[in-house]
A.B. asks: 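Sharing a structure, written as structure tokens. Questions coming.
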Amino acid sequence: MKIFKFGLGIWTFVFLLLPSFLSAGDATKQLSTTIDGFVPIISNTPREELQANGMPESARKLVLARFDFSEMTKRSLGQHWKSLNRGEQKQFVDAFTQWQLISFGRIVRSSGGHEVQFNRELQDGKDASVETKGQWKVYNMVIDHVDIVKNVNAQFDRVIAKSSLQELLQKVKDQNPRS
């Protein structure tokens with residue numbers, strides 16, 4: 001696991017990444033390429049256009065290539081993931097992905113397009129000596145000291161405890177105006 005931290009306006013992000021055969025430094029380069037491409041697209045797209053059409057396809061492709069929304073969804077659902085069949089899991093991944101894309105776009109827009117600065121790359125002790133190459137996928141973020149997966153998992157657990165997984169899926173879908 002690799003952790004990347006960068007400041008965006010008043011926001012502080014930590015991206016937790018799944019290694020897929022990269023050496024130290026490559027993950028920062030790949031993530032910065034994604035962010036450096038995403039931020040100007042979202043910042044320069046008129047708000048009215050974003051509201052009418054959603055995230056531009058070019059921005060969507062950048063995020064989908066770097067973020068592992070399947071893993072984020074699985075971790076966010078925690079123990080409940082295993083009780084879903086494959087079709088239900090796919091529905092959750094699709095709805096969760098759309099929800100997160102909207103959230104990321106809003107965060108970037110609210111930052112005012114400030115330049116992203118990567119501060120450091122930290123290696124998890126068990127991965128420190130492994131030299132690999134390939135691509136990284138983001139499976140979690142920490143924004144202003146809030147772990148997104150843990151936070152979403154707690155929210156999901158509360159909804160499931162009061163109702164059901166199907167009700168949760170509907171609530172996530174309802175958050176997505178274009179689902």
Side-chain angles (χ1 to χ4, degrees), residues 1-5 8 11-20 27 30-31 34-35 37-39 41-42 45-111 124 134-179:
M1 176 176 67
K2 305 285 186 239
I3 301 174
F4 295 90
K5 185 176 181 180
L8 181 62
W11 299 94
T12 300
F13 294 83
V14 176
F15 288 95
L16 304 176
L17 304 165
L18 291 172
S20 178
Q30 287 185 14
L31 186 57
T34 300
I35 299 300
F38 180 78
V39 171
I41 294 169
I42 296 300
T45 303
R47 186 177 309 274
E48 299 77 24
E49 186 178 325
L50 289 171
Q51 290 172 340
N53 304 324
M55 183 178 290
E57 189 60 26
S58 55
R60 185 178 173 79
K61 284 181 180 178
L62 283 168
V63 173
L64 292 176
R66 185 67 48 225
F67 286 70
D68 188 342
F69 288 108
S70 180
E71 186 67 22
M72 288 176 88
T73 306
K74 182 178 178 179
R75 289 171 183 255
S76 294
L77 281 170
Q79 65 185 358
H80 306 290
W81 177 257
K82 292 178 183 177
S83 67
L84 299 171
N85 65 41
R86 286 186 188 215
E88 292 168 327
Q89 289 174 348
K90 183 181 179 337
Q91 287 182 50
F92 265 103
V93 169
D94 292 346
F96 184 85
T97 299
Q98 183 63 23
W99 179 41
Q100 290 302 299
L101 288 171
I102 291 168
S103 297
F104 297 161
R106 286 183 181 149
I107 290 168
V108 169
R109 288 292 296 199
S110 70
S111 75
D124 185 304
Q135 163 169 282
W136 293 84
K137 295 282 189 170
V138 175
Y139 68 86
N140 194 6
M141 294 189 322
V142 177
I143 303 174
D144 283 343
H145 307 289
V146 177
D147 181 305
I148 298 301
V149 168
K150 285 183 185 176
N151 185 302
V152 172
N153 178 264
Q155 291 176 42
F156 284 4
D157 280 346
R158 284 192 296 274
V159 172
I160 293 165
K162 291 180 183 175
S163 56
S164 68
L165 280 166
Q166 288 67 34
E167 172 108 5
L168 172 63
L169 176 59
Q170 190 58 51
K171 286 181 181 282
V172 173
K173 285 180 176 180
D174 290 346
Q175 293 290 316
N176 303 327
R178 286 165 204 42
S179 59

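Along the sequence shown, residues carry numbers from 1.
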A.B. asks: The criterion is ring pair (Phe, Tyr, Trp, His ring centres under 6.0 Å); which residues satisfy it with Phe96, sequence neighbours excluded?
C.D. replies: Trp99
A.B. asks: How close do Asn153 and Gly78 get, heavy atom to heavy atom, and via which atoms?
C.D. replies: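 Where Asn153 meets Gly78 most closely, the heavy atoms are ND2-N, 3.5 Å.
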A.B. asks: Just checking Phe104 against Phe38, ring centres under 6.0 Å apart?
C.D. replies: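 No.
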A.B. asks: Who pairs with Gln170 by side-chain hydrogen bond (donor to acceptor under 3.5 Å, both in side chains), at least two apart in sequence or on another chain?
C.D. replies: Asp174
A.B. asks: With sequence neighbours excluded, what pairs up with Thr97 under the side-chain contact (heavy atoms from CB on, under 4.5 Å) test?
C.D. replies: Leu64, Phe69, Val93, Leu101
A.B. asks: For Gln91, which residues count as a side-chain hydrogen bond (donor to acceptor under 3.5 Å, both in side chains) partner, sequence neighbours excluded?
C.D. replies: Lys173
A.B. asks: Sequence neighbours left out, what pairs pass side chain to side chain donor-acceptor pair (under 3.5 Å) with at least one residue falling in residues 159-168?
C.D. replies: Glu88-Gln166
A.B. asks: Would you name the heavy atoms of His80 and Leu165 that are closest together and state the gap between them?
C.D. replies: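 Closest pair (atom of His80, atom of Leu165, distance): CB-CD2, 3.8 Å.
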A.B. asks: Tell me, please, which residues at least two apart from Arg47 pass side-chain contact (heavy atoms from CB on, under 4.5 Å).
C.D. replies: Gln51, Arg109
A.B. asks: Kindly write out the residues that satisfy side-chain hydrogen bond (donor to acceptor under 3.5 Å, both in side chains) with Lys90, not counting sequence neighbours, or none if the list is empty.
C.D. replies: Asp94
A.B. asks: If you round to the nearest 0.5 Å, how far is CG of Asn151 from CG of Asp147?
C.D. replies: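 One gets 8.0 Å once the value is rounded to the nearest 0.5 Å.
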A.B. asks: Apply side-chain contact (heavy atoms from CB on, under 4.5 Å) to Thr34 and list each qualifying residue two or more places apart in sequence or on a separate chain.
C.D. replies: Leu62, Arg66
A.B. asks: For Ile42 versus Gly105, what's the shortest heavy-atom pair and its separation?
C.D. replies: CG2-O, 3.6 Å
A.B. asks: With sequence neighbours left out, write down each residue that passes side-chain contact (heavy atoms from CB on, under 4.5 Å) with Gln79, or none if nothing qualifies.
C.D. replies: none
